[in-house]
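The next block holds one structure in the form of structure tokens; read it before the comments.
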Amino acid sequence: MSRMNNFKNVLLAVIFSLSMVINFEAAWAGEKYVAQVSEFKGEPIIERGSDIIKVEMGTRLQNKDSIKTGSGGSIGIVFNDETTLSLGPDSNLMIQSYVFNPSGSEFSFVVRLFKGTASYVSGLLAKLSPDATELITPSASIGVRGTKFVIQVDGI
Amino acid sequence: MKEAGLALCFFVLLLLAGCAKNRSLIVLLPDSSGEVGTIYIRTDQSTVIVDKAYNAVAAIRDKDLQAPRPMKKEEIETRFEKALAIEPQQQFRVKKWIVYCHHDSTELISDSRNDFPKMISNLLMEPPVEIYVAGHTDRVGTEKYNRELSKRRALAVKQELVANGVNPSIITVCFLGDSTPQVIESGKLQEPKNRRVELVMKYSIEE
């Protein structure tokens with residue numbers, strides 16, 4: 001009988017810890033937004049996994065999101081550290097890895113511009129960790145020690 | 001006539017080949033406060049540094065990078081018109097101060113010590129929204145030790161700011177050890193310019 005109780009206790013403990021993990025992940029979801037749309041024109045979209053999200057004012061972005069502006073579209077986004085990026089028409093950009101965690105001393109800003117035009121203005125991240133910022137195109141990689149540049153990638 | 005047709009075909013093929021090369025054009029610009037930064041452009045073959053405003057580099061796959069060349073403002077405006085037009089308005093400006101420490105110590109060198117009162121009075125007169133205090137070291141010692149040392153350096157500066165009346169709730173301490181040198185040490189591990197604490201301040205811009 002006591003063995004049965006022990007088994008029950010262990011089972012309860014396992015279920016409890018599993019639910020903690022799930023809760024923790026749910027809480028973590030609040031932290032996973034890395035940037036926000038501040039303005040846009042036309043009908044840009046965000047590809048998140050297999051989902052396609054229509055951009056609205058204030059739409060929040062996550063790591064691995066792809067932004068496509070389409071013909072006639074453009075978009076301005078602000079990252080958590082105040083870095084800004086804006087994209088002109090027919091642009092395709094992916095947020096590969098963005099981490100701004102000053103209290104944990106973790107910084108990363110890696111985005112890929114596959115085609116189109118972009119304007120970048122650095123925020124806190126490039127000031128705190130100058131080597132953490134990288135913008136990658138099909139033909140080059142750009143390291144940024146501040147503060148503003150524009151880039152145009154001709155598609156294939 | 002036949003030659004002309006052939007020439008045209010050749011020309012079209014050249015154009016197509018050109019497109020398939022996948023070109024990236026990068027132009028450094030001054031930011032809204034007039035500051036001009038530095039960017040490093042790398043391909044598999046080469047690296048080019050751009051540190052002058054309106055200088056441009058074209059990167060073409062499998063080709064060496066050319067030296068930066070100035071680009072006309074009108075051309076920049078035409079090429080990047082739509083992206084520049086939708087740039088988010090800057091809500092904050094970021095300022096950085098650096099103080100230097102003695103070897104293996106949290107103690108500031110005398111120049112930095114002398115700058116400190118001016119820094120504090122600036123921070124009190126015009127309080128930032130946030131202050132990040134980031135400790136750094138050179139490469140003498142182990143990575144783990146340097147992380148600890150950079151933490152001690154940052155905490156010492158924070159303590160001094162707070163003791164002089166800076167609101168502690170706006171301060172975040174970061175410690176980067178020897179991971180982010182200010183100057184790359186050529187062979188030697190000791191580098192006074194890398195023993196430092198950086199204060200990065202975020203100020204809101206009044207409309």
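The chains referred to below are lettered A, B, ... by the order of the sequence lines, with proteins before strands, and numbering in each begins at 1.
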So do B/I86 and A/K41 actually touch side chain to side chain, heavy atoms under 4.5 Å?
yes
Interatomic spacing from OG in B/S33 to NZ in A/K148 - rounded to 0.5 Å:
10.5 Å
Flag the pair A/T84 / B/Q90 as yes when at least one side-chain heavy-atom distance between them is below 4.5 Å, and no otherwise.
yes
Report yes if the side chains of B/K202 and A/L124 come closer than 4.5 Å at any heavy-atom pair, otherwise no.
yes
Residue from B/E35, B/K82, B/R42 scoring the most non-hydrogen pairs under 4.5 Å with chain A is B/R42
Can you see whether A/S86 engages B/E87 through a side-chain donor-acceptor pair at a distance of less than 3.5 angstrom?
no
Interface moiety of A/I77 toward chain B, non-hydrogen atoms closer than 4.5 Å
backbone
If one checks every heavy atom of A/Y120 against chain B at 4.5 Å, the contacting part turns out to be neither
Would you say A/I142 and B/Y40 make side-chain contact, with heavy atoms under 4.5 Å?
no
Is there a side chain to side chain contact (heavy atoms under 4.5 Å, CB included) between B/L25 and A/I151? Walk through the geometry before answering.
CA-CA 6 Å; B/L25 177 74; A/I151 175 162; over 6 Å; no
If you count heavy-atom pairs under 4.5 Å between each of B/A134, B/A85, B/P30, B/G177 and chain A, which one has the most?
B/P30
For A/L85, is it the side chain, the backbone, both, or neither that has a heavy atom closer than 4.5 Å to a heavy atom of chain B?
backbone
What are the two closest non-hydrogen atoms of B/I39 and A/G146, and how far apart are they?
CG2-O, 4.3 Å
Taking side chain as everything from C-beta outward and backbone as N, CA, C, O, which of these in B/V173 sits under 4.5 Å from a heavy atom of chain A? Side chain, backbone, both or neither.
backbone
Using atom types as modelled and distance alone, determine if a side-chain donor or acceptor of A/S105 lies under 3.5 Å from a backbone N or O of B/F175.
yes
Under 4.5 Å to a heavy atom of chain A? For B/R147 that would be side chain
With a 4.5 angstrom heavy-atom cut-off, which part of A/V150 approaches chain B: side chain, backbone, both or neither?
both
Has B/R79 got a side-chain atom pairing as donor or acceptor with A/Q152's backbone, closer than 3.5 angstrom?
no
B/F92 CZ to A/D81 CG distance, which is reported to the nearest 0.5 Å
11.5 Å
Return the CD to OG distance between B/E81 and A/S119, rounded to the nearest 0.5 Å.
13.5 Å
So, the side chain of B/K96 versus the backbone of A/K127: is there a donor-acceptor pair under 3.5 Å, distance only?
yes
Would you check if there is a donor-acceptor pair between the side chains of B/S24 and A/S139 at a distance under 3.5 Å?
yes
Residue A/S103 versus chain B: region with a heavy atom under 4.5 Å
both
Hey, does B/I26 have a side-chain heavy atom less than 4.5 Å from the side chain of A/F149?
yes
Contacting moiety of A/I75, where chain B heavy atoms sit under 4.5 Å:
backbone
A/V153 and B/N22, any side-chain heavy atoms less than 4.5 Å apart
yes
Nearest heavy-atom pair of A/G88 and B/A83: which atoms, and what distance?
N-CB, 3.6 Å
